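Quick caveat: nothing in here was measured; it's all calculated off a predicted structure. The chains referred to below are lettered A, B, ... by the order of the sequence lines, with proteins before strands, and numbering in each begins at 1.
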Amino acid sequence: MMDSVLPDTSTNAIASSTPTSHPHSQPSLPQTLLVPKPEPFWDTHIETSDELDLYSEFNRVTELFHFAFGATNVVDPFGATNVACPEQTPLVPVPQELDSAAQPDPNSPSEDVLRAIVPVPPEQQDGAVATATVPRRKQSRQKELVRVMDLSPRDEAHLRETVRRTRLIYDSLRVLTSVEEEKRVASVAAAAVAAAAAVTTLEGCLPVDGSTGKLRRLRGDLRAASLMRERGLWLNRDKRIVGAIPGIMVGDLFLFRMELCVVGLHGQIQAGIDFLPASMSSTGEPIATSVIVSGGYEDDMDDGEVIVYTGHGGQEKNSSRQISHQKLESGNLALERSMHYGVEVRVIRGMKYEGSAAGSGKVYVYDGVYRIVDCWFDVGRSGFGVYKFKLWRIEGQAKMGSAILKEARNVRRSELDLNPTSADMANRKENVAVRLFNDFDDDRGPLCYEYLVRTCFPKFVFHQSGKATGCDCVDGCGDGCFCAMKNGGEFPYTLQGHLVRGKPLIFECGPFCSCPPHCRNRVAQKGLKYRLEVFRSKQTSWGVRSLDLIQAGSFICEFAGVVLTREQAQLLTMNDIPGLCASIVSVNPPLDISLDVSTMRNVACYMSHSSTPNVWVQFVLHDHNNLMFPHLMLFAMENIPPMRELSLDYGVADEWTGKLSICN
DNA sequence: GCTATCTCAACTAC
DNA sequence: CGTAGTTGAGATAG
């Protein structure tokens, strides 16, 4: 289980949040136990109010994307496409001799390529207005085999955004489902206790474990996928793409197998070989498109660039034991035919990795395309015959994601032996060392600043709000507690400490609360937990990356500086001290403050700018109650693989809420 | 079209 | 902490 950021779409965030979230204006709510809902959450085809809530969340993400990624070329998840047109056809049927009739229509190349990525509902194709709330029928995979080539940079960027958005929606729905399930299970359990004497039977309407009688939670990964499938939000459904999937980069990281299906990287939910079945192929032969290498077969060999992949079949049900000979059929035959026609396959590696969200501890990494160079029948360790395929990685691709993951793991382990203070920018002030890494030149600049762990506010900030308010919880905070109410009746974080969705302002528990430090409503205040590294990058001078895998929704660090009042900031700006102005991050009205990072700073100000950032700015209060002076907390917008550069979009932050911008 | 079968998931309980 | 059992959903095949 874990989470994602569903940023709020309110443009005047602080102002709009004030009436409902300020402690003093909060209507008094009964502090009694929540009344459990009698109706099941997901077990009906009729949309319950909970489901509707979920859909509105989902809509909210869409709006965010319209907002954040430019209004012009955004596709509405409900089907209202408005897409860019590439100049030339990037779609080529493959292999030519297999399907020569499938030449793309030269008159509509753009629709063709984009429809391969973004499903277009039939009603829209007819020119009718798409009905936003009616789920479409599930769309099956199609048979046309294509390769996407020569995308213009503009299309590539657009399709990358489509993938990013799809993944954000997936992760959001996944987390919302698990949060809802968590609540439902808790409330039903409470109801069961309350109704123990009354012997109210709940059988038949709730998933209950047959053997133990305990409540089962629905799986968020599956639920998110099926919600999206019902609405035609899976990508690459109406073309079988051979080779790279547009918008997916080598090294992209997935935390659930189901997510691979949603983006179209691999269409099989469990099977390792994905292929166009013989019955759908123009030549009557199956063609493989992707494989997952998870080490599930005892005869696999994996050296990274070269893989010996075992075909499927012959295993005992629900076990990995070979109990019979494999046959050259379905996926096995597809790999053999792909070799024959020289069709490359995508390779996704599944590996156990620290920081995985799944109970299995696995992550999935896209490692690029491979060519099948050999195929033979062999006797495996079990004594039964297996098919083996030798795969070579095609040259000229970005470094393998799985290799980067392993390297990062090695660096982390070797770090333990090193003196942690040697190049710790933070001078042991953070929970973990912040490394400085520069193999480009001798610049050690970041070491020259005084390290500021958290933002310094003027003293009056702590006094102005008058009587401090907090919760009275003796143990961890629970539903309905005062601090939950301040956050609109729910906690902003999951039990695992991930942001559920972006909000205008988050109220964490603070010194005026009686709850203990392990309370679920204390996350960002606990500071850094990932091993960040400030490194020299040729393109952007300095950058920040992490040695650890960062899950979407995780807190990364504060954007720390010294807060100046508007008067102070203006004074400094008017005096025009060279170099100073560029290092002031101003938070304009309604916040009306500026952050000075010219003399004291933390790791955050080395993050580079991107219009497609992977880090999100979230306002958080924890050590005082002054709404005008929130902490700027940075959370991961997506799953960030180790060693990938972190980036922020200061411009978007400026638009969506706090008017965060750099003056220069 | 329907159903049965297959599957390098994911979770929970032991 | 491993593993065995359970549930699960999509695609394929008949």
Side-chain angles (χ1 to χ4, degrees), chain A residues 1-2 42 137-143 174 177-178 181-182 185 206-230 234 237 240 254-262 264-281 284-302 307-324 326-327 329-335 347-352 356-365 380 386-389 391 402:
Chain A
M1 251 185 4
M2 51 113 268
W42 292 119
R137 266 196 57 231
K138 290 181 183 178
Q139 179 197 8
S140 293
R141 302 179 84 190
Q142 299 299 304
K143 64 176 184 180
R174 209 192 89 246
T177 298
S178 38
E181 284 293 287
E182 184 190 293
V185 169
L206 292 165
V208 171
D209 191 293
S211 56
T212 63
K214 281 196 175 177
L215 269 171
R216 259 199 342 261
R217 285 190 301 198
L218 291 170
R219 281 171 54 176
D221 58 327
L222 302 184
R223 187 71 209 178
S226 81
L227 280 172
M228 290 177 75
R229 194 161 87 111
E230 282 168 12
W234 287 24
R237 296 281 292 172
R240 300 288 186 123
F254 302 83
L255 298 179
F256 289 87
R257 178 76 185 256
M258 200 40 134
E259 201 177 356
L260 302 173
C261 298
V262 174
L265 201 53
H266 187 81
Q268 301 282 347
I269 187 170
Q270 286 191 6
I273 306 168
D274 194 19
F275 59 100
L276 178 72
S279 60
M280 295 174 89
S281 165
E285 299 164 300
I287 297 291
T289 53
S290 58
V291 296
I292 295 189
V293 186
S294 283
Y297 277 80
E298 57 197 10
D299 298 311
D300 279 1
M301 292 274 291
D302 186 3
I307 305 166
V308 176
Y309 190 83
T310 313
H312 62 196
Q315 289 188 324
E316 193 180 39
K317 201 168 173 64
N318 293 328
S319 98
S320 58
R321 212 159 55 102
Q322 290 292 138
I323 53 164
S324 63
Q326 293 185 347
K327 293 174 189 162
E329 58 186 21
S330 63
N332 298 348
L333 182 58
L335 281 171
V347 168
I348 301 106
R349 281 193 171 77
M351 53 198 286
K352 293 237 181 207
S356 160
S360 59
K362 273 179 151 183
V363 300
Y364 297 89
V365 199
V386 292
Y387 278 90
K388 289 189 174 177
F389 302 90
L391 276 63
S402 59

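Each of A:M258 and A:G314 was assigned the nucleotide of DNA chain B with the nearest heavy atom; the assignment lying further toward the 5' end belongs to A:G314. Annotation: of the two residues near DNA chain C, A:S279 and A:C261, the 5′-most nearest-nucleotide partner is A:C261.
For A:R240, no side-chain nitrogen or oxygen approaches OP1 or OP2 of C:dA11 to under 4.0 Å. Distances shown here put a side-chain N or O of A:K362 below 4.0 Å from the OP1 or OP2 atom of B:dA9. A sub-4.0 Å separation between OP1 or OP2 of B:dA9 and a side-chain N or O of A:Y364 is present. Note on A:S360: every side-chain N or O is 4.0 Å or more away from OP1 and OP2 of B:dC8. Between A:R229 and the phosphate of C:dA11, there is a side-chain N or O to OP1/OP2 separation shorter than 4.0 Å.
When base pairs are accepted only as Watson-Crick or G-U wobble with both N-N or N-O distances under 3.5 Å, DNA chain B takes part in stems of 3 or more pairs at B:2-7 with C:9-14, B:9-14 with C:2-7.
One atom, NZ of A:K352, and another, P of B:dA9, lie 11 Å apart when rounded to the nearest Å. Rounded to whole angstrom, the span from the CZ atom of A:F256 across to the P atom of C:dG8 amounts to 17 Å. A:Q315 has its CD atom 15 Å from the C1' atom of B:dT5, to the nearest Å. Remark: P of B:dC8 and CD1 of A:I273 are 8 Å apart, rounded to the nearest angstrom. B:dC11 atom C1' lies 14 Å from atom CD1 of A:I269, rounded to whole Å. The CZ atom of A:R141 sits 12 Å away from the P atom of C:dA13 (whole-angstrom rounding). Rounded to whole angstrom, the span from the CD1 atom of A:I348 across to the C1' atom of B:dT7 amounts to 15 Å. Atom P of nucleotide B:dC6 and atom OH of A:Y297 are separated by 12 Å, given to the nearest angstrom.
Residue A:Q268 places its side chain closer to C:dA11 than to any other of C:dA13, B:dT7, C:dA11. Looking at the side chain of A:P277, the nearest of the listed nucleotides C:dA11, B:dA10, C:dT12 is C:dT12.
A:M351 approaches A:S402 most closely through the heavy-atom pair SD-CB, 3.9 Å. The two residues A:R229 and A:R237 have their closest heavy-atom pair at NH1-NH2, 3.4 Å. Nearest heavy atom pair, residue A:G311 against residue A:N332, reads CA-OD1, 3.1 Å. A:E181 and A:L218 get closest at one heavy-atom pair: OE1-N, 2.6 Å.
A:R257 comes within 4.0 angstrom of the backbone, heavy atoms only, and of no base. A:L222 comes within 4.0 angstrom of the backbone, heavy atoms only, and of no base. Within 4.0 Å (heavy atoms only), A:D221 reaches sugar-phosphate atoms of the nucleic acid but no base atom. A:G331 comes within 4.0 angstrom of no nucleic acid atom, judged by non-hydrogen atoms across all strands.
In this structure, A:R174 CZ and A:L255 CG are separated by 7.0 Å, a value rounded to the nearest 0.5 Å. If you take NE2 on A:H266 and CE on A:M258, they are separated by 11.5 Å, rounding to the nearest 0.5 Å. Summarising the geometry, atom CG belonging to A:D274 is positioned 4.0 Å from atom OG belonging to A:S290; distances are rounded to the nearest 0.5 Å. Here CG of A:L227 is found 6.0 Å from OG1 of A:T177. Values are rounded to the nearest 0.5 Å.
Between the side chain of A:Q270 and the base of C:dG8, a donor-acceptor pair under 3.5 Å is found.
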